[in-house]
Amino acid sequence: METQFRATGFGPSQVALPVIPGNGVGGVIGAVGPDVDPALVGRRVVTSTGGSGAYAEQVVVDAAAPVPVPDGLSLDQAVAVLADGRTALMLTDAATLRPGDRVLIEAAAGGVGSLLVQLAARAGSQVIGLAGGTRKVALLGELGAQVAVDYLAPDWTGRVRAAVGAVDVVFDGVGGTVGRSAFELLAPGGRMLSFGLSSGEWAGIDEEIAAGRGVTVIRPTPTPQQLRAYTERALAEAAAGQLRAVIGQRFPLERAADAHAAISSRATVGKTLLDLR
């Protein structure tokens, strides 16, 4: 989202230039304001910043915003599952995955996608991971995908059909033509959930057309309280070793432009972190 906003001005956060990017950050509380418990100082936390401001050495947020990092969980892993973990848990809950479901996950080597693969496999689903390029496809088996397909290859939909036939659930993280092609793979009774648009556009599936095929388009609308609960759950599962964020690459904060270039080139896997060094 941040690279798309930088390139086009399009994004979910209504901010005007100049702006400090970044919506997720982790660190240690260094100071608190008036009427805030001073015992919070020194606590390891992760937090969203409201859509901007995280590419910084220090950030200021509302005292209710930070989420404590559980003991035994590294700050790196906590930051990596902050937004992606809560999104993946929310999507899998909304999809009501069942053992044996054939689940197609687009952008399966990305931050959210790599967690969705783990969660779907844990639910007993037959996981079909979709990624672009041999390096990303090679990662999917390690995460729990039984079938790994390169969507840059010709007739990737034919490869999916040859492997599993139709699918029951699509987690659409690419949008565009890939998302629309994935929709065509859904069997009657299938469910489609979109969580990203790395192609630059949403899949734009018409709900009436989907209903005519017996497919449900699911768009979760969590409350802020539910999002916090999902964040806490993601951190707890990561601390228990039940969920592992793939941290594919790291850059020092001053090289944020290089991180954006790597993401835009689609050379990255998993989560990209910016570090203070």
Side-chain angles (χ1 to χ4, degrees), residues 1-27 46-62 65-66 75-88 90-91 105-116 130-133 135-136 139 151-152 171-180 194-204 219 227 231 245-277:
M1 291 185 291
E2 290 160 13
T3 58
Q4 288 176 355
F5 176 77
R6 178 174 177 169
T8 68
F10 172 77
S13 301
Q14 301 301 312
V15 294
L17 298 177
V19 64
I20 298 172
N23 184 48
V25 65
V46 290
T47 184
S48 296
T49 59
S52 62
Y55 290 18
E57 295 178 356
Q58 296 182 331
V59 300
V60 178
V61 296
D62 187 273
L75 192 59
D76 293 352
Q77 278 287 314
V79 172
V81 301
L82 166 62
D84 292 347
R86 71 183 174 214
T87 299
M90 176 188 67
L91 290 169
I105 301 171
E106 302 170 22
V112 176
S114 58
L115 297 173
L116 284 171
L130 198 64
R135 177 188 176 214
K136 297 180 181 181
L139 173 67
Y151 74 84
L152 300 179
F171 289 115
D172 170 30
V174 177
T177 57
V178 172
R180 291 188 285 272
S194 293
F195 67 89
L197 62 164
S198 62
S199 66
E201 63 170 331
W202 294 106
R219 296 185 174 92
L227 283 176
T231 301
V246 176
I247 301 173
Q249 46 284 315
R250 319 168 67 100
F251 294 85
L253 178 61
E254 61 267 22
R255 290 182 55 205
D258 293 336
H260 277 212
I263 294 169
S264 296
S265 72
R266 304 187 185 278
T268 58
V269 297
K271 193 71 172 179
T272 301
L273 294 187
L274 296 178
D275 294 327
L276 290 178
R277 296 180 181 176

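Of all heavy-atom pairs spanning Leu116 and Ala88, the tightest one is CD2-O, 3.6 Å. Smallest separation of non-hydrogen atoms from Leu274 and Ala259: CD2-CB, 3.8 Å. Nearest heavy atoms, Leu139 versus Ala109: CD2-CB, 4.2 Å. Considering all non-hydrogen atoms of both residues, Val59 and Ala54 come closest at CG1-CA, 4.1 Å. When every heavy atom of Phe195 is checked against every heavy atom of Trp202, the shortest pair comes out as C-CZ3, 4.2 Å.
Separating the CD1 atom in Ile247 from the NZ atom in Lys271 is a distance of 10.0 Å, to the nearest 0.5 Å. Note that the OG atom of Ser198 and the CD atom of Glu106 stand 8.0 Å from one another [nearest 0.5 Å]. Atom CG of residue Leu115 and atom CZ of residue Phe171 lie 12.0 Å apart, to the nearest 0.5 angstrom. With rounding to the nearest 0.5 Å, the separation of CZ in Phe5 from NE2 in His260 is 11.0 Å. Note that the CD atom of Glu254 and the CG atom of Leu276 stand 8.5 Å from one another [nearest 0.5 Å]. Note that OG1 of Thr272 and CG of Asp258 are 12.0 Å apart. Values are rounded to the nearest 0.5 Å.
Qualifying side-chain hydrogen bond (donor to acceptor under 3.5 Å, both in side chains) partners for Lys136, counting only residues two or more places apart in sequence or in other chains: none. Every residue two or more places apart in sequence or in another chain was checked for a salt bridge (charged side-chain N to carboxylate O under 4.0 Å, His left out) with Asp172, and none qualifies. With sequence neighbours excluded, the residues satisfying side-chain hydrogen bond (donor to acceptor under 3.5 Å, both in side chains) with Glu2 are Tyr55.
Side-chain atoms of Ser48 and Arg86 form a donor-acceptor pair, as typed in the model, at a separation below 3.5 Å.
A distance-only check finds a donor-acceptor pair linking the side chain of Ser199 to the backbone of Glu201 [under 3.5 Å]. A donor-acceptor contact shorter than 3.5 Å is absent between the side chain of Arg250 and the backbone of Leu273. Under the 3.5 Å distance criterion, the side-chain polar atoms of Gln249 are left unmatched by any main-chain donor or acceptor of Ala267. Put simply, the side chain of Asp275 never gets that close to the backbone of Pro252: no donor and acceptor are under 3.5 Å apart.
Taking 4.5 Å as the limit, some side-chain heavy atom of Leu197 sits within range of a side-chain heavy atom of Gln4. Proximity of Thr49 to Val25: side-chain heavy atoms (C-beta onward) are separated by under 4.5 Å at one or more points.
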